[in-house]
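Shown next, in structure tokens, is the structure this report addresses.
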Protein chains: 2
Amino acid sequence: MAPDPPASRGPLRPAELDRTSPVPLYFQVASRLQELIEAGEIGVGDRIENEVDLAGRLGVSRPTIRRAIQYLVERGMLVRKRGVGTQVVHPKVRRPVELSSLYDDLVSADRKPRTEVLRLEVVPAPAEVATALELPDGTEVTWIERLRYAGGEPLALMHNAIPLGVIHLEASDLAAHGLYELLRRAGHQPRIATQVIGARSAGAAEARILAEKRGASLLTMTRTAWDAGGRALEYGSHVYRASRYSFELNLSAG
Amino acid sequence: MAPDPPASRGPLRPAELDRTSPVPLYFQVASRLQELIEAGEIGVGDRIENEVDLAGRLGVSRPTIRRAIQYLVERGMLVRKRGVGTQVVHPKVRRPVELSSLYDDLVSADRKPRTEVLRLEVVPAPAEVATALELPDGTEVTWIERLRYAGGEPLALMHNAIPLGVIHLEASDLAAHGLYELLRRAGHQPRIATQVIGARSAGAAEARILAEKRGASLLTMTRTAWDAGGRALEYGSHVYRASRYSFELNLSAG
DNA sequence: GTCAATACTTTGTCCTGACAAACTCACATG
DNA sequence: CATGTGAGTTTGTCAGGACAAAGTATTGAC
């Protein structure tokens, strides 16, 4: 059997880097590496070329290569060991956690979401909401109540409060898009959030709306999200039918 | 009123850095900055000294300062804006997510945890567990069932599977310590995990063990955790009394 | 043969220097 | 007064070099 070609040659070519692109070089390298790993061209357990050689071969400096590798290490794809090298440990990115909306998740899972806007108005924030958003008591916020369907069945009853000035919302927008998508379009990128996930039994009204029996288990989630500037973007208090939904999280600890 | 001293002087002194220490300089700077922010000496909204001046004043290079600041940016304490500066946005670290055990959480909340070990034996892994741990079907694992109390009341029923060779467990250890603490002591640092959180109603047996009524809502969590080297450490399938427990998560998106 | 010392490889830390890009603000211009 | 132009500030990217620390493999002594 012929021996494998030496790993030092590697499938990453200098020609793939575009120095005229506004995309940083380190990011180009990281993206390309990620592709190769996801495509299986560099398998789990394989060691990638060492930093110095890789830098020399691609014609970039070692710090640039280090930054690219660091990026993938933080995502859990690679592991570096001093004196040993850098190894692939997982074939796909494990995002530290997905800060996305239910709507986006359902779309990507092809579960055909539909949204019914039950309420959309400006009201003074209840004390609990004001505290969560770090706003003075009684500040007005946009209050939203939505019923989210998936595959024709009700899935979740969602309540949100959004500080005025963050975004102007129309019922038609909310019916057609996820809240996070609308926020992003308005230039707000949620970056930090605190969530509390719990469970309780459905009351009569909730059960009726969600087409569950009274007393059925519901998943509850309350979340407050901030943008990169520390500005509170959204408070949400949602209930999900536990029979149809669960939260999936990928965690990584420094 | 006397004006505040200019921010450019700042409370960070060159003398505080120890070049003989094995602790990297960038980490010394980051730790000290974090202390100052947590102590409120640099308040939320304040801008910290710019990188070039700070580097000059502390007698280190700009990349070192950048690395220190980057460290705190990733933790959500600071925000950088090109052309503007670096600002404090949160007075305490928001850890991306806590990869810790229930036991540790209860201890720090002073809720006096107690653990009853119901089962501890080596068994062939059920198909579902083997898949989660990425082990060949039927591989033997240590199987644990524990009942966790807090404040004298039952709180959670926990099932765990741990690959042989990761750690040798005694019932007495498990009764006195959290699983994650024992893993860390054995030199295993969980770094990446996937969790699924859901809810369902208690069956008769579960209800009896957990001192709930039949049909009460329970929170469910299944988790698989890996160490930095990509080695599977633990599979867990737990149920919590929803009336007494909820998950709190701090998320951050790149 | 076993084991310890040594050489080598590879990542970790740190430095200096340079230019680019984004933002702020004062100022000139219409 | 409004507006945009340009200078100044600050972070973002990148280069290239140097030495330290950790792990691996080889070599040598016993």
Side-chain angles (χ1 to χ4, degrees), chain A residues 6-8 10 14 17-33 45-74 77-89 187 189 227-229 254, chain B residues 6-8 10 14 17-31 33 45-74 77-89 187 189 228-229 254:
Chain A
S8 62
L17 297 182
D18 177 7
R19 296 189 99 95
T20 69
S21 161
V23 178
L25 280 176
Y26 78 88
F27 194 80
Q28 292 185 40
V29 175
S31 304
R32 191 68 190 106
L33 266 176
D46 287 0
R47 260 179 29 197
I48 68 173
E49 206 174 344
N50 78 64
E51 297 174 354
V52 180
D53 290 356
L54 197 53
R57 205 163 54 73
L58 294 183
V60 299
S61 71
R62 188 174 158 222
T64 301
I65 292 294
R66 274 186 73 75
R67 190 158 176 193
I69 292 176
Q70 186 61 31
Y71 182 82
L72 297 179
V73 167
E74 275 157 15
M77 291 185 94
L78 299 178
V79 171
R80 352 165 64 138
K81 286 196 192 110
R82 195 192 296 200
V84 180
T86 304
Q87 243 182 337
V88 178
V89 287
Q189 181 72 28
D227 69 10
Chain B
S8 62
L17 297 182
D18 178 6
R19 294 191 100 94
T20 68
S21 160
V23 178
L25 280 177
Y26 78 88
F27 194 80
Q28 292 184 40
V29 175
S31 305
L33 266 177
D46 286 0
R47 261 183 23 201
I48 68 172
E49 204 175 345
N50 77 66
E51 296 173 353
V52 179
D53 289 357
L54 196 54
R57 205 164 55 71
L58 294 183
V60 300
S61 71
R62 191 177 155 218
T64 302
I65 292 294
R66 275 187 71 76
R67 190 159 176 192
I69 292 176
Q70 185 60 32
Y71 182 82
L72 297 180
V73 168
E74 275 157 16
M77 291 185 94
L78 299 177
V79 170
R80 348 167 69 141
K81 286 197 192 112
R82 196 192 295 201
V84 179
T86 304
Q87 241 181 338
V88 177
V89 288
Q189 182 73 27

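Note that this is a predicted model, so its numbers are computed, not measured. Below, chain A is the first sequence line, B the second, and so on; all start at residue 1. Hydrogens, waters and symmetry mates are skipped; everything else that's a heavy atom, side chains included, is used.
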Main-chain N/O of B/Ile65 paired to B/Glu51 side chain as donor or acceptor, under 3.5 Å = no

For every nucleotide of nucleotides 9-15 of chain D, 5' to 3': is a protein heavy atom under 4.0 Å from its base (B), only from its sugar-phosphate (S), or from neither (-)?
-> BBBBBSB

Roughly how many Å is it from CG in B/Leu54 to P in C/dC15, rounded to a whole number?
-> 12 Å

Do A/Ile48 and A/Ile69 come within less than 4.5 Å of each other through their side chains, counting heavy atoms only?
-> yes

Between the side chains of B/Arg80 and B/Gln87, is a donor N or O closer than 3.5 angstrom to an acceptor N or O?
-> no

Trace of the side-chain contact (heavy atoms from CB on, under 4.5 Å) decision for B/Val29 with B/Leu17 | CA-CA 7 Å; B/Val29 175; B/Leu17 297 182; 3.9 Å; yes

Does B/Tyr71 have any ring pair (Phe, Tyr, Trp, His ring centres under 6.0 Å) partners at least two apart in sequence or in another chain, and if so, which?
->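 Checked B/Tyr71 against ring pair (Phe, Tyr, Trp, His ring centres under 6.0 Å); matches are B/Phe27.
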
